[in-house]
Amino acid sequence: MLIFVTPGTLEQDNVTDTLWTAGATGLEERAGMLRAYFNERAEVPLAGEWVDEQERDWQAEWKKDLKPVQAGHFTIAPSWLRAEVPPAQRPILIDPGMAFGTGHHATTRLAVEAISELQLQGKDVLDVGTGSGILALAALLQGAAQVLGVDIDPVTIPAAYENALLNGLQRTGNTLKWEGRTLQFIESSLDDDHEGEYDLLIANLYAELHDLLAGNYRAIMRPGAQLILTGILQDKLPLVQSALAREGFEDVRTRQEGEWLLVMAHTPREV
Ligand SMILES: C[S@@+](CC[C@H](N)C(=O)[O-])C[C@H]1O[C@@H](n2cnc3c(N)ncnc32)[C@H](O)[C@@H]1O
């Protein structure tokens, strides 16, 4: 990219007119200097100098800065950094795109860490607001028998399927399989048709929505089922705590990273 750099400001019409007339394709002002962009060198009747700047590959620079993120025994990494996952860690490969959930946000990390501590063999799991599919994948890799990820944003569903394939799952129609266990992603909010069917419900949304949905969460969870909610700012914790108390959740515990909280609770066990 060819740039002619000359002293001046965008308000100096005599200077800018000269640059446009000489063939500039764009003008920019930085610290009292005008930068005029040209497709090729031209006669410019002004004092200044030509600079040939390499086009910067922003995508490559941004990719270079991404680092794998550790959460419990999982390490979340983009596919091109697979080799950087320490051997003792379990990789979750997520390529960044339009959907939230690369592990670089505290709420995602807190949730993956909490999932990594659970025994999920044979369990049914619902991930509400699945985004990139990261929490649903973590639950499946942690041993869950069946996982459903739902999101109201249609761009997330293809991204979640892509990420699942990166992690070695096999897709047939809308069902992903891994070691005999199944994962599906659907564009939806809560899965209200499945009353009392989940052993674990995970939702990284926000406090006000948890407050609104707490009764719906309870209705679709089995007795003694685990709830993991995050996306909760510290000062909104009382709202979530009172919603969980209202709906009869028990054993409410919290974890914190910076200003973000994760809340765990369970439904009453059957007597
Ligand atoms: C903060 S992101 C969480 C993504 C991922 N689960 C994670 O933990 O990184 C929240 C996601 O919830 C979705 N969402 C918001 N409201 C929802 C609702 N009522 N039902 C289902 N998904 C919802 C958004 O589209 C977004 O993808």
Side-chain angles (χ1 to χ4, degrees), residues 66-72 74-78 91-118 120 125-142 144 147-164 166-167 176 183-194 198 200-221 226-234 236 239-240 243 254-264:
L66 275 181
K67 297 273 176 283
V69 172
Q70 200 167 321
F74 288 112
T75 292
I76 307 140
I92 302 180
L93 302 178
I94 300 287
D95 278 350
M98 303 283 282
F100 187 105
T102 57
H104 289 85
H105 197 270
T107 57
T108 310
R109 278 197 301 279
L110 282 165
V112 173
E113 186 184 40
I115 292 166
S116 82
E117 294 164 12
L118 299 175
L120 293 181
V125 179
L126 179 67
D127 173 20
V128 185
T130 199
S132 66
I134 185 167
L135 304 183
L137 273 166
L140 192 82
L141 297 175
Q142 189 64 16
V147 184
L148 177 63
V150 296
D151 203 296
I152 50 169
D153 182 347
V155 304
T156 63
I157 304 303
Y161 275 104
E162 293 273 313
N163 285 321
L166 285 180
N167 288 277
L176 293 149
L183 170 61
Q184 283 195 324
F185 295 109
I186 56 174
E187 184 190 330
S188 160
S189 185
L190 269 182
D191 183 24
D192 287 330
D193 296 341
H194 293 83
Y198 291 102
L200 169 65
L201 190 151
I202 325 157
N204 181 1
L205 300 167
Y206 51 93
E208 290 80 356
L209 199 49
H210 292 316
D211 175 37
L212 273 175
L213 295 177
N216 306 66
Y217 296 157
R218 171 78 200 267
I220 59 174
M221 291 170 74
Q226 176 82 46
L227 180 68
I228 298 179
L229 303 180
T230 187
I232 301 158
L233 282 165
Q234 194 175 352
K236 298 283 173 58
L239 182 65
V240 177
T254 59
R255 290 181 182 191
Q256 187 159 0
E257 187 181 323
E259 61 187 338
W260 293 102
L261 282 159
L262 172 134
V263 175
M264 287 186 285

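Ligands are counted one by one from 1 in listed order, and the atoms in each one are counted from 1 as well. Only a predicted model underlies this, so the values are computations on that prediction, with no experimental measurement involved.
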Under 4.0 Å between heavy atoms, the region of Ser188 that gets near ligand 1 turns out to be backbone

Please indicate whether any nitrogen or oxygen in Ser132 is less than 3.5 Å from any nitrogen or oxygen in ligand 1. no

Does some non-hydrogen atom of Thr107 fall short of 4.0 Å from ligand 1? no

Contact between ligand 1 and Leu209 is defined here as a heavy atom of the residue under 4.0 Å from a ligand atom; is it met? yes

Apply the test side-chain hydrogen bond (donor to acceptor under 3.5 Å, both in side chains) to residues Asp127 and Thr130: give CA-CA distance (whole Å), side-chain angles for both, the deciding distance (0.1 Å), then the verdict. CA-CA 6 Å; Asp127 173 20; Thr130 199; 2.6 Å; yes

Does ligand 1 have an atom under 4.0 Å from some heavy atom of Gly149? no

Roughly how far, to the nearest 0.5 Å, is CD1 of Ile232 from CG of Leu239? 9.0 Å

What distance separates Leu137 CG from Leu183 CG, expressed to the nearest 0.5 Å? 6.0 Å

Which heavy atom of the protein is the closest neighbour of atom 18 (C) of ligand 1, given with residue, atom name and distance? Ser189 OG, 3.6 Å

Under 3.5 Å, is there a donor-acceptor pair between the side chain of Gln142 and the main chain of Ser116? yes

Would you mind listing which atoms of ligand 1 come within a distance below 4.0 Å of any non-hydrogen atom of Asp153? 25 (O)

Does the Asp151 side chain pair with the main chain of Gly131, one donor and one acceptor, at a distance under 3.5 Å? yes

Can you pull out the closest protein heavy atom to atom 23 (C) of ligand 1? Residue, atom name and distance to 0.1 Å, please. Ile152 CG1, 3.5 Å

Point-to-point distance, once rounded to the nearest 0.5 Å, from CD1 of Ile157 to CD1 of Ile152: 10.5 Å

Can you list the ligand 1 atoms lying under 4.0 Å from a non-hydrogen atom of Gly101? 9 (O)

Going by the side chain to side chain donor-acceptor pair (under 3.5 Å) test, which pairs reach into residues 98-108, not counting sequence neighbours? Thr102-His104, His105-Thr107, Thr107-Asn204

Please report which non-hydrogen protein atom sits nearest to atom 6 (N) of ligand 1, along with the residue it belongs to and the distance in Å to one decimal place. Gly129 O, 2.8 Å

Is any N or O atom of Thr108, backbone or side chain, closer than 3.5 Å to an N or O atom of ligand 1? yes

In this structure, atom 24 (C) of ligand 1 is nearest to the protein heavy atom Asp151 OD1, 3.4 Å

Identity and separation of the nearest protein heavy atom to atom 10 (C) of ligand 1: Asn204 O, 3.2 Å

Heavy-atom contacts under 4.0 Å between Thr230 and ligand 1: side chain, backbone, both, or neither? neither

Under 3.5 Å donor-acceptor, Asn163 side chain and Asp95 backbone: yes

Please identify each residue that fulfils salt bridge (Lys or Arg N to Asp or Glu O under 4.0 Å) with Asp211, with sequence neighbours left out. Arg246

Side chain, backbone, both or neither: which part of Leu135 has a heavy atom under 4.0 Å from ligand 1? side chain

Verify the neighbour count for atom CD of Glu162: are there more than 12 heavy atoms of other residues, nucleotides or ligands below 6.0 Å? no

What atoms of ligand 1 come closer than 4.0 angstrom to any heavy atom of Leu205? 12 (O), 14 (N), 15 (C), 16 (N), 17 (C), 23 (C)

